[in-house]
Number of protein chains: 2
Amino acid sequence: MPTQKELAKLAGVSSGTVSNVISGSVPVGERSREKVLKAIRELNYQPNLIARSLRTNRTHTVGIIVPDITIPFFPKVIRGAESAARERGYFVVVAESEGSSEREAELIALLRSQRVDGILLIVAAGAKRPPLSSSDLPVVYLDRLPDGFEVDSVCVDDRAAAEMGIVHLLSMGHRRIAILTGPLTLKNEQERLRGYRQAFKKSGVPVQESLIWSSSFNLEEVMSVCQKGLLKPRNRPTALFTTNGLSGMGALRSIIASGLSTPRDIAFVTFDELTSEDIFRPAITSIVQPASEIGSRGMEILIDRINTGSVTGPRKKIRLPAMLAVRESSGVMLQKRKTL
Amino acid sequence: MPTQKELAKLAGVSSGTVSNVISGSVPVGERSREKVLKAIRELNYQPNLIARSLRTNRTHTVGIIVPDITIPFFPKVIRGAESAARERGYFVVVAESEGSSEREAELIALLRSQRVDGILLIVAAGAKRPPLSSSDLPVVYLDRLPDGFEVDSVCVDDRAAAEMGIVHLLSMGHRRIAILTGPLTLKNEQERLRGYRQAFKKSGVPVQESLIWSSSFNLEEVMSVCQKGLLKPRNRPTALFTTNGLSGMGALRSIIASGLSTPRDIAFVTFDELTSEDIFRPAITSIVQPASEIGSRGMEILIDRINTGSVTGPRKKIRLPAMLAVRESSGVMLQKRKTL
DNA sequence: GTGAAAGCGCTAACAA
DNA sequence: TTGTTAGCGCTTTCAC
C-alpha cells in the first residue's frame, strides 16, 4: 500500500506538502496540489488511519457495547448511533457482552487498547457500580443506568412508560394485573415497577403484592417464575405486564405452554417489541421505545464530550418518551389495523 | 495512559525488555520480568494496539460487511464469525452496507484505511464483478456469491435447498406452485430458481412460466409484484415459495393484504426465517440456513488466508446443507410441535 | 539477558 | 508556500 512518502516522490514535492493537501488544514499552491492529487489517483492511495491515530492520539472511533445483538431492540439502537456517528465523521465498532459483566469488562479493556475515543454502553446486568467512568474515557450509558451514579445517559422515562401500560390495562377493566420484571438491581427495572405502583395508586386500586414477580434475564428462569404464577386458575391474574423484551418472550412462551392464549385467557402487554414484524399473531401490545433515537442522542452527547474534552461538568440525562402500541394481546381491537 | 517507556522507567529496565516481557517472544530474566509485571499492575497498563499495528503492519482485526443488521439472518452470521474470530485472537468490526453497492465500496475503502487484515463480505446486491478481490486484501464471500468469479466462499447449497422446499410442497399435493425470487443478478437467487425447476423436472410436473415471479430487495416492489400474482382468484397459485427472507416478508404481507390467509388459502414456504421466534402465528415453514456456521466457517477460511499469506492458490468453496423446518404455513401439522 | 536505536506512516511545528 | 524534522508507542534487530 502506498504511503505519503511515495506520493511525495511521485509528485515531486515534500511529504509535508502531501500531508497538507490531504488534511486541507494548511493552504497549498495550486500546482503542487494538482500533482499530489494526481499521484493519489495513480497510486490509489488510501490514508493509513493507524498511523494517523498514533500521531494525533484520536481514532475517530467509538465503541458501542450491547448485551445481545439478536434482540431486535439493540440493532435499532446501533443503527441510530451509527448514523449519528457517520454524520460527524466517526466510526462505530460494535461489541457484544452476551449479558456477562466479565465479558463486558474485557470488551472495555479491549476498546481502550484500541484507543476508541469514547464508548456507548448498555450494561450487561446490574453492576453495583458503573463499569466505566467518564473521567477515564468518555462514556454515555444507554437504556440501562447504573443506580445512584452521576453519568451521561439516555433512556426512556421508564416510570411513565410502565404507568402508561398499566393504565391501559386498568382502563380495559383489569384489576388482577401481574407484573413480571427483570433483575431489580437494574434501575430501569425498578423504575418500571414503580410505574406499575403509581398507576394503581392514581386509580385507587390496591396493589396485590403477590402479583409482583421478578426474575433474571435468563429465559428459563423467567419461564419458571412465570409458570408458577400462572399455575392455579383461581388465583391467576387476568392480565400480565412484563418490563422488558426478554421477560416478555419468556412470559408469552409460558402462557402458551400453560395452554392459555392471549388475549382470551389473559391480557398481555410488554415493554419492547418482541419481533420487529407486525404480521404475526398474536400481535403484541407493547411499550415501544424510540430505539434509534436513544442511539443517536447518545452518540451526539458522546461526540460532544469527546470534542470539547469536557470530562467534568454536569452530566446530561436525557429522558425520552415511550409510546404505547395497542395491538391485539391486550384485548381490544380499537380499530381495523391499517398496516395489514 | 501509560506507555512501555513509563513502565521501563518504573521497573528500572529498558523499554525493549518491557516489550519482550509483554510479547513473550524473547526470554527475559526472572527478576526483570517480575519488576515489569509489577509496574504493569501499578500503572494499570493497557497496550496501545494502534502503535503495535503500525509497527507490525497487522491489526488482528477483520471487517464483516452485511447488508442489513436488522434482518435476523445477519446477526446470526455475525455471531458465528465473531466467536470463530475470538478463538483465534482476532477482532471483528461490523459494518452495514444498507443494500447499497456505493456504500459497500465506501465501507471497503474505510476498512482498508483501517488496515483490517481481511474482510468477510455479504454483498449488497448483484454487482457485475466482485467488489473486492483477494489478491488485494483477503476476502471471503458469504451467502451471496459474485457470479462467475473464483473467490473463497461459504454458502448453502442453494439449489438443493430450494428443491427441498418445492418437493415438500409437491408432496403436499400442490401443482400450481409460484416462486418469487429476489434479483436474479445474484447467483444464489438464480440457483434457488434452478432448484425450483429441478424439483418439478424430477417429479415430472410441468413448470408454468407464468408462476415464476422475480423482484428486487425492495419491500414495496416485492409486494407489488406479489399482489399482482395473487390478484385473480382463478389463476391464483395454491402455493407460494419465496427465495429469501425479505421476499418472504413482502409475500406474507401481500397475502394478508389480499385478505388471504396461510395455509388455508395458499400454502407458503420461504427461504430463511422471518422471525427468530417460534411463538407467533402463522408459524412459517422455512428453509433454515446454518447462519452461525456460515459465519464461523467463513472466518476460519479468512484467518487461514491471513496467516498463511496465501493470496493465490485454489479458492475454497464451502457448501453447507440447509434444513427444512416444516411448520404450519405449508399446510400440515405433521405432529404436535414440541417447542410450545 | 539486556539496552540502544531504527523506523512503521503520519501530523505539526518550525524554518526557509 | 514549501521542505525538514521530531516523535506518537511499539517491535525488532543488533551489539554488548
Side-chain angles (χ1 to χ4, degrees), chain A residues 1-40 43-61 89 91 109-117, chain B residues 1-40 43-61 89 91 109-117:
Chain A
M1 282 210 157
T3 68
Q4 291 191 359
K5 206 159 119 192
E6 299 172 53
L7 289 183
K9 201 165 76 182
L10 181 60
V13 298
S14 79
S15 70
T17 299
V18 172
S19 176
N20 289 335
V21 169
I22 290 169
S23 74
S25 55
V26 174
V28 174
E30 192 54 38
R31 308 226 358 218
S32 302
R33 125 169 295 110
E34 283 306 332
K35 285 189 288 185
V36 170
L37 292 176
K38 180 151 164 286
I40 287 177
L43 297 183
N44 187 27
Y45 170 79
Q46 308 265 85
N48 185 327
L49 263 31
I50 300 278
R52 181 181 292 170
S53 292
L54 179 61
R55 180 61 233 240
T56 60
N57 210 22
R58 298 276 253 90
T59 55
H60 277 87
T61 300
F91 313 125
L110 182 60
L111 291 171
R112 303 182 100 246
S113 272
Q114 301 190 135
R115 298 301 191 264
V116 296
D117 295 335
Chain B
M1 282 209 161
T3 67
Q4 291 191 358
K5 203 159 121 195
E6 297 171 55
L7 290 183
K9 200 165 75 183
L10 182 60
V13 298
S14 80
S15 70
T17 300
V18 171
S19 176
N20 290 334
V21 169
I22 290 169
S23 73
S25 55
V26 173
V28 173
E30 192 53 38
R31 306 224 2 214
S32 302
R33 123 168 295 109
E34 283 306 332
K35 285 189 290 187
V36 170
L37 292 175
K38 181 152 164 285
I40 287 177
L43 297 183
N44 187 27
Y45 170 78
Q46 308 264 85
N48 185 327
L49 262 31
I50 301 279
R52 180 179 293 171
S53 292
L54 180 60
R55 182 58 235 242
T56 61
N57 209 23
R58 298 274 255 93
T59 54
H60 278 88
T61 300
F91 313 127
L110 182 60
L111 291 172
R112 302 181 102 245
S113 273
Q114 300 189 135
R115 298 301 191 262
V116 296
D117 294 335

Of residues 11-29 of chain B, the positions that come close to DNA chain D - non-hydrogen atoms, cut-off under 4.0 Å: B:Gly16, B:Ser19, B:Asn20

Quick check for you: to the nearest 0.5 Å, what is the distance between [X] atom [atom1] and [Y] atom [atom2]?
| X | Y | atom1 | atom2 | answer |
| --- | --- | --- | --- | --- |
| B:Gln114 | A:Gln114 | CD | CD | 10.0 Å |
| B:Leu110 | A:Leu49 | CG | CG | 7.0 Å |
| B:Ser15 | B:Gln4 | OG | CD | 7.0 Å |
| B:Leu54 | A:Arg52 | CG | CZ | 13.0 Å |
| B:Ile22 | B:Tyr45 | CD1 | OH | 4.0 Å |

Please confirm whether the backbone N or O of B:Pro47 pairs with a side-chain atom of A:Ser113, one donor and one acceptor, at under 3.5 Å? yes

Pull out every protein N or O sitting under 3.5 Å from an N or O of nucleotides 6-8 of chain C, one pair per line with the distance.
unit_1, atom_1, unit_2, atom_2, d
C:dG7, N2, B:Arg55, NH1, 3.1

Contacts of A:Arg58 meeting salt bridge (charged side-chain N to carboxylate O under 4.0 Å, His left out) (sequence neighbours excluded), chain-then-number -> A:Asp117

Results of salt bridge (charged side-chain N to carboxylate O under 4.0 Å, His left out) for A:Lys38 - residues two or more places apart only: A:Glu42

Restricting to side-chain contact (heavy atoms from CB on, under 4.5 Å), what partner residues turn up for A:Arg115, sequence neighbours left out? A:Thr59, B:Met1, B:Gln46, B:Asn48, B:Ile50

Bend angle of the helix from C:dG1-D:dC16 to C:dA16-D:dT1, from helix axes over five pairs at each end, nearest 10°: 40°

Measure [atom1]/[X] against [atom2]/[N] and give the value in whole Å, please.
| X | N | atom1 | atom2 | answer |
| --- | --- | --- | --- | --- |
| B:Gln114 | C:dG9 | CD | P | 18 Å |
| B:Ile50 | C:dG9 | CD1 | C1' | 13 Å |
| A:Met1 | C:dC10 | CE | P | 11 Å |

Applying side chain to side chain donor-acceptor pair (under 3.5 Å), name anything that partners B:Thr17, two or more places apart in sequence or on another chain. B:Ser14

I'd like to check the side chain to side chain donor-acceptor pair (under 3.5 Å) partners of B:Arg112; sequence neighbours left out, ordered by chain and number. B:Asp136

Reading DNA chain D from 5' to 3', where do the contacts with chain B start and stop? Cut-off is 4.0 Å to heavy atoms. D:dG9 to D:dT12

Between the protein and nucleotides 14-16 of chain C, are there any N/O to N/O pairs under 3.5 Å, and if so, what are the atom names and distances?
none

Just distance, no hydrogens or angles: give the donor-acceptor pairs under 3.5 Å from side chains in residues 24-37 of chain A, sequence neighbours left out.
unit_1, atom_1, unit_2, atom_2, d
A:Ser25, OG, A:Ser23, OG, 2.8
A:Arg33, NH1, A:Val28, O, 3.4

Return the minimal non-hydrogen interatomic distance between A:Leu43 and A:Pro2, and the atom names on each side. O-CG, 3.4 Å

